[in-house]
Amino acid sequence: MLISKKLKLMAGILAFACMIAIGSAQAEVVQVEFLHAMSGSKLAVTSGIVKSFNETHPGINVNLVYGGSYAETTTKAISRSASGNAPNIAQVEAAFNRDLIDSGKIVPVYKLFAPHTKIAFNWDSLIDPIRSYYAIDGKMWSIPFNSSTGMLYYNKNMFKAAGLDPNNPPRTFKELEEAARKALAAGVCKMGITTSWPAWIMLENMIPYNGQWFANNDNGHSAPPTEVYLTGDFVMDLMRYLSRWSKDGLFTYLGREYKALPAFATGKSLFLFLSTSTLKSITKKANFDVGTAFLPRIEGYPSGRSTIGGATLYVFKGFSDKENEATATFLKYITEPTTTIKWHKGTGYFPLTNGALESLHHEGWFAEDSNYLTALLELLTSPKIPQASSPFLGNFVQIRDILDSYIEEVVTLKLTPEKAMKKAKEEVEKVLADYAKLVN
Amino acid sequence: MKVKNRQPLSRHDTRGVVFPQHKILPFFLILGPVAIVVLFFIYPTLSSLRLSLFTVGRFGQEVWIGLDNFASIFLESKYRSSLLLSILFSSAVTLIGLFLSLGIATLLTQRLKGIGVFRVFLTWTYAISPAIMATIWLLFMDPATGLLPYVVKEVTGLQVHWTASSIVAFVVIILTAIWARLGYNTLFFLIALRRVSEELIDAANIDGASTWTTFWKIKFPLISPVTFFLLIMNTLFSLYWVFPIIDIMTHGGPGRSTSLLIYTLFIEGFRNGRAGLASALSIVIFSFVAIITIVQFKLAGKKVFYQ
Amino acid sequence: MTIWYKTAAKYVLLVFVSLIVGAPVIYALIVATQSITQIMAYPPNLIPGQQFVNNVIKAWESSNMGRLLVNSSIIASSIACGKIFLALLAAFAITYFKFRGKQLFFVLILITHMLPLAVRIVPTYRLMATLGWIDTYFALIFPFLASATSLLLFRQLFLTVPLSLADAARMDGVSPLGYLFKIMVPLSRDTIAALFVVEFIWAWNEYLWPLIVTDSPNMRVVQVGIKLLMPTDAVPDWNIIMAGVVISLLTPLIILILLRNQFLKGLALQEMK
């Protein structure tokens, strides 16, 4: 009797001790919450990266939490930080920089590394166009995880069938129009020109690509922006193209964000304005020869540089030094050559560092499939002009929505380009004024 | 257990109150409901009222602007169109929907063999959520592979891209909403129609009334309570439950052609972080609901016929 | 002779209407059985495929359907039960007791009928954030627990119960709560079941609120989960999405079928208010 009681007691103490040991071992693992906007195949690659990080860093556990689209994720990140429940890392779309930086709720990433902490980071390793897009006074406030730029996709099979040279894609809007007309007349495609992300492509990309300013005060960098240049000659020309194309049936509008992707990938449309971000999944899905080209420019305007898209990772305040260290370790891991190469190959987004770029080049990756090089070349061969700086506008989620909806008014032929852009300009400038009021 | 007063109570003595000696128990009983109502209904509504008078920043900063939000809603074309679209949408969905459901329900009252099967088939969709309906219709209307655009093309030769036309998009959400409520409306009409006394109809028939007259002069007035009820329910549906249809199918676009009030509220309040404006939109929606409820109570007394 | 034609015409009309009204759902069901190549076909392929089970499995896994169903079930049952329970207590208090503020209380509950979620959504969200309830069951359940309809229904029901029953119980020494739960509740069984069906389905179908109040994959409900089956940046796998749709339709359907009689009664009650 007594012996079994003693045995029970010992078993109990042992179990209790085990629980404490396990509990404290759990407590040793630092949790890092990563609020992201990836889905589909991009999510698969992201999960792979997070998994291999967790496995090689037993003291840290990065948790992927899905936030929805970029707009939804940014909104969630901001509202959660406002209520004191911020994630460690949030994936924020490139154009929403100002909202995050002005919020005062983030830790600029340069402060997570030497000389502020013991973790070293070679800032010069980042590819220059990406670095200069995100840097503020030369310092990085976020780590660009998935960076892309706009480019044109076209269906090489349809080109051949229509008597067009598949290795000679259109380089101007005029050439684009001619090609679409010819192909539609030949009946080789159901739709001619389509676009994804209307405002990001047609305004945010096209404007600096043709050497124009997006907003005043150096796109908002030298002082808070108060004007957007939506009614100048260039934007008017572009909108008139879109309007005419819609009227003539050359252009079919299929919705915002990636909605136009299925039509292209299933071989129904000839051209798709998109970015390099979904190159991998399109090439996989398509049962035709996928061609890529630089964005077409509009004749008569200077050469410029397209904008950086995709998203970047911001770190939020309110975490312990240990947690920040874990976060920094993860961020550094992302920029390591093996990781960023895996990321690029799995999606089409740019490899982040010069070192990674060189490796890819050496192993002949770009020779295998030159489509992966298109967007990079577009970026690296373009002049580094001041107009290509990121649009540093607050309330950008709202601004993007306004721009998208007025482009929609143009392509659904509800408003003339002049009226639409005038109204868009008014609304955006009102939003900018409201923002200035709140963030004074 | 001590029980005071073992005398039976008479009705007029305490107007139906049976346990007059328990003064404290009732307060415990109502504690839960009161807490819920005050915390989650009254307080937020008053807060909506207050917030609608401010511009609220993403991080909670508040700037007093009085009635500016409401001015924006009624004066700025962007929000005013949302208001007008909502009114148009509610009317179309309610009137057309009820008309169709009444027709189908009448068809279903026929005494035919196997009518039971048809009855179930045409009314079971009551349980399907608007979100599921929207997903099904997204497939149905897909520009690339959907069945409906294909049928429309074969029949009329028109290639309809609802993503590229404001009017088509608006029509599509009306169609989807009508379809979503069809089962529910038909079910209620069916039950009501069947309750109309057989004797009444037989008497009318004997008197030589045609089916048409029987319908309009007898059945229709007698089912007016249900008609009325459905008018209210469908209007309320089109103010709130239509949200998934917009969020899953059109996202308010193209342009702003399908941005109904509830969707604008969502975007402004939960996307653009404009809690003040969103609250003002809430108050506008509240006004609609209030008007409808008041109308309901007023007319419930007068125009509705009972058998 | 004419009668034969008339009947035939009616059947034709019925079938025609059924086809048109049922087309979207029938199409959805067919797509749920097809393979990926079949759904890409143009003109649309209407022949059912063999992939139903596969599609269901894929839909289940990629949307974590098990968790979604659990969440929705817990939330919908809690809301339905909570609403009914609180309404029972309130109706009981109003019908059988005398206390100060009784009128005010009654009006308070009735007012909630005019305050649908849309009217209080922004501040309720902020309240959830303040209470730290974002992403928890609490946020999904509590804002819905008041029901003017249920209160009115129960009160109406209680008023029809003869006073003599209550008197007898009181004289037998039954406590008020005992009277409520041992006598009144069993009497109200039908109404309770009917209300449960209606409220459960209503709560199950809620979309906007879970959308804004839940973030993490563990807390998602079926309605929002279905939306997530549709990728934002790839070609949608309609067959898998439709398989997911079929799964999510099952629970409310099952409840409808099992509790069909109560459901019909519930409808009658709904309009009587």
Side-chain angles (χ1 to χ4, degrees), chain B residues 1 3 6 8-9 11 16-20 22 25-27 29-30 32-33 36-37 40-41 44-45 47-48 51 104 107 110 112 118 121-122 127-132 135-137 139-140 145 147 150 182 188 226 229 239-240 243-244 248 262 269-270 275 278-279 282 285-286 289-290 293, chain C residues 10 13-14 17-18 21-22 24-25 27-28 31 39-40 42-44 86 89-90 92-93 95-99 105 108-109 112 114-116 118-124 127 142-143 145-146 163 166-167 170-171 173 176 201 205 207-208 212 223 226-227 238 242 245 248-249 252-253 256 271:
Chain B
M1 188 193 112
V3 175
R6 280 175 160 255
L9 296 166
R11 222 170 240 282
V17 172
V18 178
F19 301 102
H22 291 269
L25 181 61
F27 289 108
L29 287 176
I30 67 169
I36 299 277
V37 171
F40 298 105
F41 283 78
T45 306
S47 191
S48 272
L51 283 175
I104 298 180
L107 188 60
Q110 304 304 309
L112 295 172
F118 286 104
F121 189 76
L122 286 168
I128 306 183
S129 70
I132 300 289
T135 311
I136 293 179
W137 271 74
L139 164 71
F140 200 48
T145 52
L147 188 58
Y150 173 70
L182 210 57
F188 274 88
V226 168
F229 166 74
L239 283 177
Y240 179 71
F243 179 80
I248 290 180
I262 186 70
F270 296 96
S279 299
S282 281
I285 294 183
F286 170 71
V289 175
T293 319
Chain C
K10 285 182 187 166
L13 193 56
L14 273 171
V17 167
S18 301
V21 169
V25 177
Y27 184 52
V31 168
I39 62 174
M40 291 294 181
Y42 189 81
L86 290 177
L89 293 183
F92 186 59
T95 325
Y96 289 103
F97 292 85
K98 184 165 134 175
F99 56 95
F105 171 65
L108 211 63
I109 307 251
T112 65
M114 280 214 306
L115 305 178
V119 170
R120 48 196 166 97
I121 193 169
V122 171
T124 312
L127 182 62
F142 276 84
L145 291 181
L163 219 52
D167 282 346
R170 199 174 52 85
M171 287 196 290
I201 293 183
N205 293 345
Y207 176 83
L208 174 52
I212 60 180
Q223 305 303 329
I226 292 296
K227 181 188 178 192
W238 288 115
M242 288 304 130
V245 162
S248 51
L249 281 178
L253 266 186
L256 257 189
E271 56 163 314

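Keep in mind that what you see is a predicted model, and the values were worked out from it rather than measured. By convention in this document, chain letters (A, B, ...) are assigned in the order of the sequence lines, proteins followed by strands, and residues within each chain are numbered from 1. Excluded from the calculations below are hydrogen atoms, water molecules and symmetry mates; all remaining heavy atoms, backbone and side chain alike, are included.
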Inset, instruction - Report yes or no: does C:Thr124 contribute a side-chain atom to a donor-acceptor pair with the main-chain N or O of B:Pro44 at less than 3.5 Å? - result: no
Inset, instruction - Heavy-atom distances under 4.5 Å only: say whether B:Pro244 touches chain C with side chain, backbone, both or neither. - result: both
Inset, instruction - Heavy-atom distances under 4.5 Å only: say whether C:Leu127 touches chain B with side chain, backbone, both or neither. - result: side chain
Inset, instruction - Drop me the distance from C:Leu253's CG to B:Ile128's CD1, to the nearest 0.5 angstrom. - result: 7.0 Å
Legend entry - Atom group of C:Leu208 that falls short of 4.5 Å from chain B, counting heavy atoms: both
Inset, instruction - Please report the closest heavy-atom contact between B:Pro33 and C:Ile109, naming both atoms and the distance. - result: CB-CD1, 3.9 Å
Legend entry - Toward chain B, the part of C:Met114 with a non-hydrogen atom under 4.5 Å: both
Inset, instruction - Mind ranking C:Leu89, C:Leu13, C:Ile121, C:Leu14 by heavy-atom pairs under 4.5 Å with chain B and telling me who comes out on top? - result: C:Leu14
Legend entry - B:Ile30, part contacting chain C, at a heavy-atom distance under 4.5 Å: both
Legend entry - Residue selection (most heavy-atom pairs with chain C, distance under 4.5 Å) from B:Ser129, B:Ser47, B:Ala275: B:Ser129
Inset, instruction - Could you pull out the closest heavy-atom pair between C:Ala146 and B:Phe41, with the gap in Å? - result: CB-CE1, 3.5 Å
Inset, instruction - Please round to the nearest 0.5 Å and tell me the distance separating atom OH of C:Tyr96 and atom CG of B:Leu29. - result: 13.0 Å
Inset, instruction - Check whether B:Leu139 gets within reach of chain C through its side chain, its backbone, both or neither, counting any heavy atom under 4.5 Å. - result: both
Inset, instruction - Could you pull out all residues at least two apart from B:Tyr240 that satisfy side chain to side chain donor-acceptor pair (under 3.5 Å)? - result: C:Glu206
Inset, instruction - Examine whether an atom of C:Ile201 lies under 4.5 Å from a heavy atom of chain B, and if so say whether it belongs to the side chain, the backbone or both; otherwise answer neither. - result: side chain
Inset, instruction - Validate the cation-pi geometry between C:Arg120 and B:Phe40: distance from NZ or CZ to the six-membered ring centre under 6.0 Å, angle to the ring axis within 45°. - result: no
Inset, instruction - With rounding to the nearest 0.5 Å, note down the distance linking OG1 in C:Thr112 to CD1 in B:Ile36. - result: 11.0 Å
Inset, instruction - Look at the rings of B:Phe27 and C:Phe99 and say which category their plane angle falls in: under 30° parallel, 30 to 60° tilted, over 60° perpendicular. - result: perpendicular
Inset, instruction - Working to the nearest 0.5 Å, report the span between NZ of C:Lys227 and CD1 of B:Ile132. - result: 13.0 Å
Inset, instruction - Against chain C, label B:Leu147 side chain, backbone, both or neither, depending on which of its atoms sit under 4.5 Å from a heavy atom there. - result: both
Legend entry - Qualifying residues under side-chain contact (heavy atoms from CB on, under 4.5 Å), relative to B:Ala278, sequence neighbours excluded: B:Leu265, C:Val122
Inset, instruction - Considering only heavy atoms and a distance below 4.5 Å, find which of C:Ile212, C:Val17, C:Leu249 pairs most often with chain B. - result: C:Ile212
Legend entry - Atom pair CD1/CD1 of B:Ile136 and C:Ile226 - distance to nearest 0.5 Å: 10.0 Å
Inset, instruction - Against chain C, work out which of B:Ala131, B:Ala290, B:Gly32 has the most heavy-atom pairs shorter than 4.5 Å and name it. - result: B:Ala131
Legend entry - Region of B:Phe121 in contact with chain C, defined by heavy-atom distances below 4.5 Å: side chain
Legend entry - Under 4.5 Å from any heavy atom of chain B - which part of C:Phe142: both
Inset, instruction - Sort B:Ile104 into side chain, backbone, both or neither according to what part of it lies under 4.5 angstrom from a heavy atom of chain C. - result: side chain
Legend entry - Partner chain B: residue of C:Ser248, C:Ala118, C:Gly22, C:Pro116 with the largest heavy-atom pair count (under 4.5 Å): C:Ala118
Legend entry - Interchain contact, C:Leu256 with chain B, by part (heavy-atom threshold 4.5 Å): side chain
Legend entry - Interface moiety of C:Pro24 toward chain B, non-hydrogen atoms closer than 4.5 Å: both
